[in-house]
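Numbers here simply count residues along the sequence, with the first being 1. For ligands, and for the atoms within them, numbers begin at 1 and follow the listed sequence.
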Amino acid sequence: LQMQALAALEEVQGLEELEAWRVGYLGKKGELSSVLRAMGTLDATERPLVGQIANDVRINLEQAHKKQKEALQMVALQKREAQEKIDITLPGRMQWLGAAHPLHKVIRRIEDIFLGFGFTIAEGPEVELDYYNFEALNLPKDHPARDMQDTFYITEEILMRTHTSPVQARTLQARYPELPIRIIVPGRVYRRDDDDATHSHAFMQIEGLVVDRGVRMSDLKGMLLEFAREMFGQNQEIRLRPSFFPFTEPSAELDILCIYCGGSGCRTCKHTGFIEILGCGMVHPNVLEMQGYDARELSGFAFGMGVERIAMLMYRVEDIRQFYQNDVRLLEQFSTLA
Ligand code: PHE
């Protein structure tokens, strides 16, 4: 039996045939098992001897099976490796990476700076009530300053917000009486302007609002200086110039010393040495009182900046419309995702 089995094992071709061989000789119903089963019919004196032989045969066959199995597995592996060979000379496929839009990059940078100052980000609707866009900001219905911002009206009471300032009133209302309030508000705003190189009927603003006990104009100035330095460089100089907004008193506009000529005059700053960056001021007492705050105990400051203006300045984009045309020749120039 052993010789027959070993001869058959030599002939085995693959792993499947090997398994059939194992079942045939070593399996429960295999040849060796029937020999062992037949031992019951043997004389008691013969049994130990036959048992010994059968056992040796089993061990020999199992060892031979193990060896053959390893050999066949090796052959199978080599065959597979030969087939799976990777052609490292194939040219790679170009991976196209997207890019963050320049406006998005500027917004994210400004957000990061103010998050570092302890602000949180708030938002509000683009389709807004006349109440939040104007009235709650100290601009009653017939106020001449409404003409500062030509407005898309939807109905008499509903309009496209002309600035992100309505979120000041919304936040004051929603958070009352919790203090401090320290938010920035990025968002799209709309003006009834004809589009040209410097105007767009839709553009982005970032609003800021701080309300607490004892907030002073010097706090505003200090924060704007730190913002300007983190945004444009640690030596950046700023200038606050008196201005007017109905919802701040006093009001100012923030100029930075021209980031290209440093104040000596160039094309970018139209030879003034300064570039206007944002509008700001101390929150008008009426704005606080309208939402129930006591303006004798509390004060605040607010600011609002145009994102496109800043992006045009930083990236030297000369036509605002380039931000909306999505021409890959522009976008590719911002082709690192950060
Ligand atoms: N909302 C003003 C604008 O759009 C900017 C501004 C915001 C001014 C906050 C003062 C305070 O021009």
Residues 245-252 side chain polar contacts: donor-acceptor under 3.5 Å, at least two apart:
from   : atom 1 : to     : atom 2 : distance (Å)
Thr248 : OG1    : Ser251 : OG     : 2.6
Ser251 : OG     : Phe245 : N      : 3.1
Ser251 : OG     : Phe245 : O      : 3.4
Ser251 : OG     : Thr248 : O      : 2.8

Check the pair Phe334 / Tyr315 against ring-ring contact (aromatic ring centres under 6.0 Å, His included), numbers first and verdict last. CA-CA 10 Å; Phe334 300 88; Tyr315 301 130; 4.7 Å; yes

Establish, from distance only, whether the side-chain atoms of Ser200 and Arg191 form a donor-acceptor pair under 3.5 Å. no

Please produce the table of protein N or O atoms sitting under 3.5 Å from N or O atoms belonging to ligand 1, one pair a line, distance to 0.1 Å.
from     : atom 1 : to     : atom 2 : distance (Å)
ligand 1 : 1 (N)  : His163 : ND1    : 3.0
ligand 1 : 1 (N)  : Ser165 : OG     : 2.9
ligand 1 : 4 (O)  : Arg191 : NH2    : 3.1
ligand 1 : 4 (O)  : Gln205 : NE2    : 2.9

Residues forming a side chain to side chain contact (heavy atoms under 4.5 Å, CB included) with Asn326, sequence neighbours excluded: His101, Leu331

Ring geometry between Phe244 and His143 (parallel below 30°, tilted from 30 to 60°, perpendicular above 60°): parallel

Please enumerate all residues that pass side chain to side chain contact (heavy atoms under 4.5 Å, CB included) together with Lys69, with sequence neighbours excluded. Leu15, Leu18, His65, Gln73

